[in-house]
Amino acid sequence: MKIAVLVKQVPGTESPLPIQSNQNWVDEGAVAYVMNESDNYALEEALQIREANDEGEVVAVSLGPDRSQKVIREALAKGADRGIHIQLDTAGMIDPLVTASYFADTFKDENFDLIFTGLQSDDLGMGQTGIILGELLGMSTASMAMATEVGGGKIKVKRELEAGWFQWVSLSLPASVSIQSGLNVPRYPSLKGIMGAKKKEIKVVTPSVANQSQSVEKVYVPQSDKQTVMIEGSVEQIVGKLVETFRNEIKVL
Amino acid sequence: MDILIVLEDSNGKIHRMGLESIVGAQKMAEELGLSIGALVMGANVDLLAEEASGLNVGEVLKVENELLSTYSADGYAETVKQVIEQENPTYVIFGHTYQVRDYAPKVSAKLMKPFIVDNVSVTTNGGNSVFTKLMFNGKLFSDVTPTGDGPYLISFQSAAFSSEKADVGSAPVRDCTVNLDVSMIRTESEEPFQEEAGGIDLTSADIIVSVGRGIGKEGNIPLAKELAQALGGELASSRPVVDAGWLPAAHQIGSSGQSVSPKMYLALGISGAIQHVVGMKGSKNIVAINKDPEAPIFEIADYGVVGDVLEIIPKLTEGIQ
């Protein structure tokens, strides 16, 4: 079983996101980057499948500028066998069709049985790349996996539906599956893993630039039309004002 | 037609988000002088077609095919692709449902046309539509435009528009045919099911105390539970808390959990990612406590406190008691 996992480097949940003066994008120099949350679960799922079958290969693939190699290294430290870095300056929005095309070009001689992606990235939030990639490579696809079972030339995926419903779907291989966060417990890299990762291969490829089919005109901070009453003061004062608000304004006490 | 709206079956009725997206499409149609058609598809969709014909659309397209009797990404994507090729719309509009997220990217890939997703609004600039979506987990807005020739695939987020405004009409229904073959469908689906039978019904609670990642660790959950008890409310959470295993999935509020509109929603250490907000923004009073003054939850809060939930929660419980 040969599995590709797409891992993306995105701003962490606590990272500042200052907007560039031209309003085209955030100032990347001020951003603290981490591995996209659902990609971390996708990686863990791939590693568990390889370990359960006691054979196969997990390849961590990332598209982005040089800094993206950090998340590939992290994946290698956790147990991925090798990495591929599709080197591209991704400042601003990259159209998912273009992103998926770069991955499809890179994968055409790899013959992966499975491609795992996180459900969506915590920056652009497009939620399409894995499915488009599967379609471009002629694979079957499924989204939002909350469990997987591999066997008999198929992968069975427990898909999350809306409002607490689920559905098992069986896909013929090769398949591209997007992984929902929460389906496993992602491991931390061991010291041995971190040391070993330094010796693992990261292949760097450079794509030729393609035309985008959608573009960001501007990014900005949402302006709320809601009047929020901010409650301030010492902890004691805040608590006093909250109790008063609960009692006299919201009337729940 | 210029705008094709793809409607979804939700237990024999048109999915609420489809009705909402019709309102978005009507706004575009008015501003740009465009015509609208609505698509229903399945094995037997007479009832859906009838419901759709009561909406303010120019016509209803009906595709009936045995291979669409149960949902499959392959079958639905191929159907929508063929209808687009036959009807040649400029815009194809969807509600941003889980089903659409599963198959619409395939349509985008088949046609090599953009899918601009999860928009909260649309405006017109120089005869073109500009779509506004949330990025960075709701922290920033971005205005996105398609480039190149259409068709452009567009989805609108839950509650981007109010479905009450999906005006009444009497549209004619037209049958459409697509060519599907059983070999195109590479998946087998089992019956949908719900987990956690006997789970908690948060939808009828008047007061909800909801915890997010900011609660810090599993050991702090009892603090929030005591506060919920003191208030006579129910304990709920955002997704990261369930993912971390700190609370069972039955407590989850948001697009993949329950949708609630209590009298008071007290959000403790919840940043306000859109997947959570869609499940609680209808609450009558939203009170948010978060240490990050930039947290998107403050955009929708009626009352906000910038502070440490772990300091405030125990004292608040005490204050109420």
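Values below: all heavy atoms of this structure, side chains included; hydrogens, waters and symmetry mates excluded. Just so we're on the same page: letters track the sequence lines, and every chain starts at 1.
- Nearest approach of B:A109 to A:I132, heavy atoms of both residues: CB-CG2, 3.7 Å.
- Residue contact with chain B, scored on non-hydrogen atoms closer than 4.5 Å, is absent for A:V185.
- Taking every heavy atom of both residues into account, A:Q214 and B:I116 meet most closely at OE1-CG1, 3.3 Å.
- B:K113 touches chain A through its backbone: at least one of N, CA, C or O sits under 4.5 Å from a heavy atom, while the side chain does not.
- Contact detail for A:L97 and B:S108: the closest heavy-atom pair is CD2-OG, 3.6 Å.
- With a 4.5 angstrom heavy-atom cutoff, B:I289 touches chain A only via side-chain atoms.
- The side chain to side chain contact (heavy atoms under 4.5 Å, CB included) test with A:L17 singles out one residue from B:E294, B:K139, B:M135, and that residue is B:K139.
- Looking only at distances, a side-chain donor or acceptor of B:R186 sits under 3.5 Å from a matching main-chain atom of A:M139.
- Contacts with chain A were tallied for B:V287, B:D74, B:V144, B:D308; B:V144 has the most, counting heavy-atom pairs under 4.5 Å.
- Taking 4.0 Å as the cut-off between side-chain N and carboxylate O, B:K81 and A:E135 do not count as a salt-bridged pair.
- Salt bridge A:E249/B:K263: absent, no basic N to carboxylate O contact under 4.0 Å.
- For the pair B:G319 and A:V243, the tightest heavy-atom approach, listed with the atom from each and the gap, is C-CG2, 4.1 Å.
- The number of heavy-atom neighbours closer than 6.0 Å to CG of A:N211, taken from other residues, nucleotides and ligands shown, is 12 or below.
- Neither the backbone nor the side chain of B:V120 has a heavy atom closer than 4.5 Å to any heavy atom of chain A.
- Of the listed residues B:Q252, B:M112, B:Q99, B:E191, the one with more heavy-atom pairs under 4.5 angstrom with chain A than any other is B:M112.
- In this structure, chain B has no heavy atom under 4.5 Å from any part of A:E232.
- Contacts of B:T132 with chain A are made by side-chain atoms alone, with heavy-atom separations under 4.5 Å and no backbone atom involved.
- Contact count versus chain A (heavy atoms, under 4.5 Å) is highest, among B:V305, B:L266, B:L134, B:I286, for B:V305.
- Once rounded to the nearest 0.5 Å, the distance linking CZ of B:F136 with CD1 of A:I19 reads 9.0 Å.
- In this structure, A:S213 and B:P114 approach most closely via the heavy-atom pair OG-CB, 3.1 Å.
- Of the atoms belonging to A:M230, heavy atoms from both backbone and side chain fall under 4.5 Å from chain B.
- We find the CZ-OG1 distance between B:F298 and A:T228 to be 8.5 Å, quoted to the nearest 0.5 Å.
- Rounded to the nearest 0.5 angstrom, B:T187 OG1 and A:K156 NZ are separated by 13.0 Å.
- For B:E190, the CD atom sits in a packed shell: over 12 heavy atoms of surrounding residues, nucleotides or ligands are nearer than 6.0 Å.
- The closest side-chain donor-acceptor pair between A:T141 and B:K106 falls under 3.5 angstrom.
- By the 4.5 Å heavy-atom criterion applied to side chains, A:V169 and B:E188 are not counted as neighbours.
- No part of B:D292 comes within reach of chain A, as not one of its non-hydrogen atoms sits under 4.5 angstrom from that chain.
- In terms of non-hydrogen atom pairs under 4.5 Å with chain B, the most contact-rich of A:R159, A:E236, A:K251 is A:R159.
- The contact between B:I312 and chain A is made by backbone and side chain atoms together, counting heavy-atom distances below 4.5 Å.
- Judged purely by atom type and a 3.5 angstrom limit, B:R239 uses its side chain to pair as donor or acceptor with the backbone of A:S181.
- Rounding to the nearest 0.5 Å gives a distance of 10.5 Å between CD of A:Q23 and CG of B:L140.
- Chosen from B:A73, B:G148, B:G257, B:S271, the residue pairing most often with chain A at heavy-atom distances under 4.5 Å is B:G257.
- Residue A:E217 holds its CD atom at 8.0 Å from CG of B:N125, rounded to the nearest 0.5 Å.
- Of the residues considered (A:G125, A:A175, A:S172), A:S172 shows the highest number of contacts with chain B, using heavy-atom pairs under 4.5 Å.
- Atom CG of residue A:D95 and atom CZ of residue B:F115 lie 12.5 Å apart, to the nearest 0.5 angstrom.
- Side chain of B:T147 to main chain of A:Q212: a donor-acceptor pair is present (N/O by atom type, distance under 3.5 Å, no hydrogens or angles).
- Residue B:V242 does not touch chain A at all, counting heavy-atom pairs closer than 4.5 Å.
- Formation of a donor-acceptor pair under 3.5 Å by the A:E162 side chain with backbone atoms of B:Y98 is found in this model.
- Taking all atoms of both residues into account, the shortest heavy-atom contact from B:S142 to A:V219 is CB-CG1, 3.6 Å.
- Although no hydrogens or angles enter the test, the distance criterion places no donor-acceptor pair under 3.5 Å between the side chain of B:D143 and the main chain of A:K218.
- By the 6.0 Å contact criterion, CZ on A:R247 is open, its count of non-hydrogen atoms from other residues, nucleotides or ligands being 12 or less.
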